[in-house]
Q: 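Just passing along the structure, written as structure tokens.
As the structure lists them, so they are numbered: ligands from 1, and atoms in each ligand from 1.
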Amino acid sequence: MSSLLITHIGTLAGLHPKETLLLKGKEMANLPQLQNAWILCKDGLIEDFGTMDQLPEQLPNELESISAKGGFVFPSWCDSHSHIVFAAPREEEFVMKIAGKSYEEIAAAGGGILNSAGKLQKATEEELFESAALRLNDMIKQGTGALEIKSGYGLSLESELKMLRVIRRLRESFPIPIKASFLAAHAFPLAYKNDHAGYISLIIDKMLPQIAAEGLADYMDAFCEQGFFSVEETDQLLSAAAKYGLRPKIHANQLSVSGGVQIGVKHQAVSVDHLEATDEAAIAALAGGQTIATLLPSCSFYLGIPFANARALIQSDVPVALATDYNPGSTPSGNMNFVVSLGCIKLKMLPEEAINACTLNGAAAMQLSEQSGSIAKGKLANLFITRSMSSLAYLPYSFGQSQIETIILNGKVQ
Ligand SMILES: N=CN[C@@H](CCC(=O)O)C(=O)O
Ligand SMILES: [Zn+2]
């Protein structure tokens, strides 16, 4: 395999040592950097880095060398919450929202998740793969270098399997790590509207065994929310998933204080996601622990719901990650650069905190931080080079404008 040398890097950012797997509290504001640097990638991994006055004399054969022209080099974004496999966008709901309808009202009127499920059930695996691949290509161009994708628009054995197989094919076809979460507990299908127990047993007795047998999921997800899955139902689902070794990453406290955070912590969730409606009890449940609070500020932005209280979480030593939540209903955007900007502007995170939340802690929220999320020897060489910027803060400050010039995945310029 060939090697890549990047020289004249104005700032090489995100140099957390390989052993640092997760950041909490004050550590979140520390983003180690090196000025006037080079980095060498070999066989898809980061081989070494240093300052320009100490460029190595001995370099590998078959070396490609590029100049960063004074730009920053960052580890790729690690987007740990997305729903990019869907059959159709829902811009009709966007217009309903503009006219004043809430997310809950649109869902009650036959829109929302059930609308997406109806369309997905009719789509072929090929169609779903093609459309998700287009979205994923766009995300990669915007700097994403590791991704979690959920099922959850199938809501039947056949269609959930179809979604998870599409995610598997994306993983096999794209040069970035991809994790899959099983989210049949996203909404109750109409046929089970008055038979919640029936749908829960369908998930536990039919879907989980087959998904586990085919190794199609890394995590168990559930939308623990009023009008969706109760705490008791979520508890039952997470206990069943644990028998197959699937740890939770769940949707909690999006629209109301649902108790989802506490049930996630009880089941040692890798992450509890959303938390727009978080109260003190939820923060206390997470304080000082290992469960990551994954905040999704572009969902708050799009739906016009409150932004999560990132400051209180960080102050309570809760590890915070940021992700896109890319989906057709609540967040039709997979742009992590905008997430970093919203993290700063709306969640009041420092640029260093927001960048750590989108890199190392995002990787940790997919259990990938041994290989992704920071610049360290032996980690995946998934990076991006920006234009020359006056400071680190310029990246989130210049919201809506991409500063990214070059994408590098597995040590190769894309
Ligand atoms: N809240 C649950 N799931 C998605 C929205 C799904 C949809 O509206 O299609 C979310 O994370 O926001
Ligand atoms: Zn989501």
Side-chain angles (χ1 to χ4, degrees), residues 79-94 96-97 101-121 123 128 131-132 135 147-155 159-160 163 167 179-189 219-229 234 237 248-256 258 260-261 264 269-277 292-308 321-334 336 339 342 362 365-366:
D79 184 353
S80 62
H81 183 134
S82 87
H83 310 244
I84 65 162
V85 178
F86 55 85
R90 306 210 307 254
E91 64 267 35
E92 65 285 2
E93 296 180 11
F94 173 61
M96 287 166 82
K97 274 189 205 88
K101 293 266 180 283
S102 70
Y103 182 78
E104 294 92 324
E105 285 167 336
I106 292 166
I113 296 164
L114 294 184
N115 178 355
S116 281
K119 289 177 181 154
L120 187 131
Q121 282 158 7
L128 292 172
S131 63
R135 290 175 202 118
L147 180 67
E148 182 259 18
I149 311 173
K150 299 171 191 302
S151 69
Y153 292 126
L155 309 185
S159 295
E160 283 295 309
M163 283 192 84
I167 299 171
K179 292 279 183 111
S181 298
F182 172 49
L183 177 57
H186 201 186
F188 285 97
Y219 302 108
M220 180 70 176
D221 201 339
F223 186 17
C224 184
E225 182 63 57
Q226 271 173 36
F228 293 86
F229 291 79
T234 305
L237 288 161
K249 274 174 72 66
I250 64 167
H251 287 70
N253 291 33
Q254 178 181 10
L255 307 170
S256 62
S258 65
V261 168
V270 174
S271 68
V272 286
D273 301 22
H274 276 286
L275 277 56
E276 289 88 345
I292 298 166
T294 298
L295 312 181
L296 310 166
S298 36
C299 174
S300 298
F301 172 81
Y302 180 78
L303 290 184
I305 61 174
F307 285 85
L322 296 175
T324 60
D325 194 20
Y326 192 177
N327 75 76
S330 73
T331 321
S333 161
M336 285 293 277
V339 169
L342 287 178
M366 298 182 270

Q: Please report which non-hydrogen protein atom sits nearest to atom 12 (O) of ligand 1, along with the residue it belongs to and the distance in Å to one decimal place.
A: S330 OG, 2.5 Å

Q: Please state which protein non-hydrogen atom is closest to atom 10 (C) of ligand 1 and give its distance, to 0.1 Å?
A: D325 OD2, 3.2 Å

Q: Any side-chain to backbone donor/acceptor pair from S330 onto C299? Under 3.5 Å, distance only.
A: no

Q: What protein N/O/S atoms are found closer than 2.8 Å to the Zn ion (ligand 2)?
A: H81 NE2, H83 NE2, H251 NE2, D325 OD1

Q: Of all the non-hydrogen atoms in the protein, which one sits nearest to atom 1 (N) of ligand 1, and at what distance?
A: Q254 OE1, 2.5 Å

Q: Taking the ring of F188 and the ring of F229, is the distance between their centroids below 6.0 Å?
A: yes

Q: Can you confirm whether more than 12 heavy atoms, excluding those of K97, are under 6.0 Å from its NZ atom?
A: yes

Q: Report yes or no: does F228 have a heavy atom closer than 4.0 Å to ligand 1?
A: no

Q: Please say which of F228, F86, Y153 ends up in a ring pair (Phe, Tyr, Trp, His ring centres under 6.0 Å) with H186.
A: Y153

Q: Please list, in number order, the atoms of ligand 1 under 4.0 Å from a heavy atom of Y103.
A: 5 (C), 6 (C), 7 (C), 8 (O)

Q: Look at the side chain of N327 and the backbone N and O of H83, then say whether any donor-acceptor pair between them is shorter than 3.5 Å.
A: no

Q: Is there a donor-acceptor contact under 3.5 Å from the side chain of E225 to the main chain of A252?
A: no

Q: Looking only at the side chains, is there a donor atom on one of H81 and D325 sitting less than 3.5 Å from an acceptor on the other?
A: yes

Q: For I106 and K101, which heavy atoms make the closest approach, and how far apart are they?
A: CG1-CB, 3.8 Å

Q: Quick one: which ligand 1 atoms are inside 4.0 Å of a heavy atom on H81?
A: 11 (O)

Q: I'd like to check which ligand 1 atoms, numbered from 1 as shown, lie under 4.0 Å from a non-hydrogen atom of H274.
A: 10 (C), 11 (O), 12 (O)

Q: Mark up the atoms of ligand 1 that fall under 4.0 Å of a heavy atom belonging to H186, in ascending order.
A: 2 (C), 3 (N), 4 (C), 6 (C)

Q: Measure the distances from the heavy atoms of Y153 to every atom of ligand 1 and state whether one is below 4.0 angstrom.
A: yes

Q: For the CD atom on E104, are there more than 12 heavy atoms of other groups (residues, nucleotides or ligands in this structure) within a distance under 6.0 Å?
A: yes

Q: Establish, from distance only, whether the side-chain atoms of E160 and S151 form a donor-acceptor pair under 3.5 Å.
A: yes

